[in-house]
Amino acid sequence: MPQQIDTLRKWEVPGIAKFETGTSGLISLTITAPVASGRIYLQGAHITHFQPRGAAPVLFLSTKSHFSTGKAIRGGIPVIFPWFGAHCGNPTAPAHGFARNREWEIEAVDSLPSGAVTVSMILRPDDASQTQAFGHAFLLRYRVTFGEQLELHLETENTGAANFKFEEALHTYLNVSDVREVRVEGLSGAEYLDKTEGFRQKREKSERLQLTGETDRVYLDTQSECVVDDPAAERTISIAKRGSDTTVVWNPWKDKTAALNDMEADEWLRMLCIETANTGENAVTLEPGQRHVMSAAIGVGPARGR
Ligand code: TA6
């Protein structure tokens, strides 16, 4: 049963955290904290906005994104669970799992002495076919702090009686000035699967990766922090992580963007996905009662120059 906005008012913090219903009917929590502003939707626990005070928005959000029930928002940080990409055994199951399409439940909203705001949301199984495609008992708890950095903690608990394996990703769309001009540091030496070449395995040779075309790479067994250097925007965006062995780098470039009905033709220029994940051979197995936390911290800093 969708949560009604009146029942959510009790979580609001006057002048800092307020629930709103968008024109599409989706409910979001708008954060106007002293140190940062932000927005997170109940659907998918989907963060669509993060802006530290004095900085430009850190996340990309498509101007053509759908905001409709059950359809993933294009941009921000989709929460991917319990499979990444297509479901291996069920072609009718939604790409990237069901967590980003379902309404999550607010568990807490706290305004911190630091001036930051923490939001905690949970997701339990339902009887929809999507959840059945996974077929295991779980509890997801997502704790997000809108502060000088955006801190994300995605906890998965096995609440059932049997082991299960899952994939996960914080599918972060970063706001960049021109994806052709930025450099990505932190992936040098990592093995990756190149999805633009049939998942061919390669090794990253670049200390400062520059994208020159459609890029869809799954870097495996890497725990490194990534830093996106954006001299034109006079900043870097860093993505540090814990509990994650996979980093995905994606930009659809011009032709693939043209095939997306929820992105403007030229929006590929202003976005770059650096995704904190555990996929494929890095998928996580939980025993009954076990928990796993994957964390990311996204922050801005001074540019490093060309
Ligand atoms: O993370 C990269 C990727 O797996 C790409 O292959 C592309 O499919 C992208 O995710 C977006 O997927 P979506 O289902 O959100 O359109």
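If you read the sequence from its start, that first residue is 1, and numbering goes on from there. Read the numbers this way: they start at 1 and go in the same order the structure lists the ligands and their atoms.
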Starting from atom 6 (O) of ligand 1, find the nearest protein heavy-atom neighbour and note its residue, name and distance.
-> D216 OD2, 2.6 Å
Atoms of ligand 1 close to R100 [distance to a heavy atom under 4.0 angstrom, numbered from 1] | 13 (P), 14 (O), 15 (O)
For ligand 1, which atoms, with element, lie under 4.0 Å from some heavy atom of R74?
-> 11 (C), 13 (P), 15 (O), 16 (O)
Ligand 1 atoms in contact with V248 (distance to a heavy atom under 4.0 Å) = 1 (O)
So which of R217, K256, E275 gets nearest to atom 2 (C) of ligand 1, if we judge by its closest heavy atom?
-> E275
Basic-acidic side-chain contact under 4.0 Å: R304, E185 | yes
Between T159 (side chain) and F138 (backbone), is there a donor-acceptor pair under 3.5 Å?
-> yes
Atoms of ligand 1 less than 4.0 Å from K195 heavy atoms?
-> 4 (O), 6 (O)
Atoms in ligand 1 flagged as close to F84, the criterion being non-hydrogen separation under 4.0 Å = 1 (O), 4 (O)
What class does the angle between the rings of F84 and H96 fall in, given that below 30° is parallel, 30 to 60° is tilted and above 60° is perpendicular?
-> tilted
Examine distances only and state if a side-chain atom of T246 and a backbone atom of T279 form a donor-acceptor pair shorter than 3.5 Å.
-> yes
Please state which protein non-hydrogen atom is closest to atom 3 (C) of ligand 1 and give its distance, to 0.1 Å?
-> H96 NE2, 3.7 Å
Ignoring hydrogens and angles, state whether a donor on the side chain of H292 or T156 is under 3.5 Å from an acceptor on the partner side chain.
-> no
At a non-hydrogen distance cut-off of under 4.0 Å, which region of E214 contacts ligand 1 (side chain, backbone, both, or neither)?
-> neither
Enter the distance from R200:CZ to D194:CG here, rounded to the nearest 0.5 Å.
-> 7.5 Å
Would you check if there is a donor-acceptor pair between the side chains of R217 and Y219 at a distance under 3.5 Å?
-> yes
Contact check: W250 vs ligand 1, nitrogen or oxygen atoms, below 3.5 angstrom = no
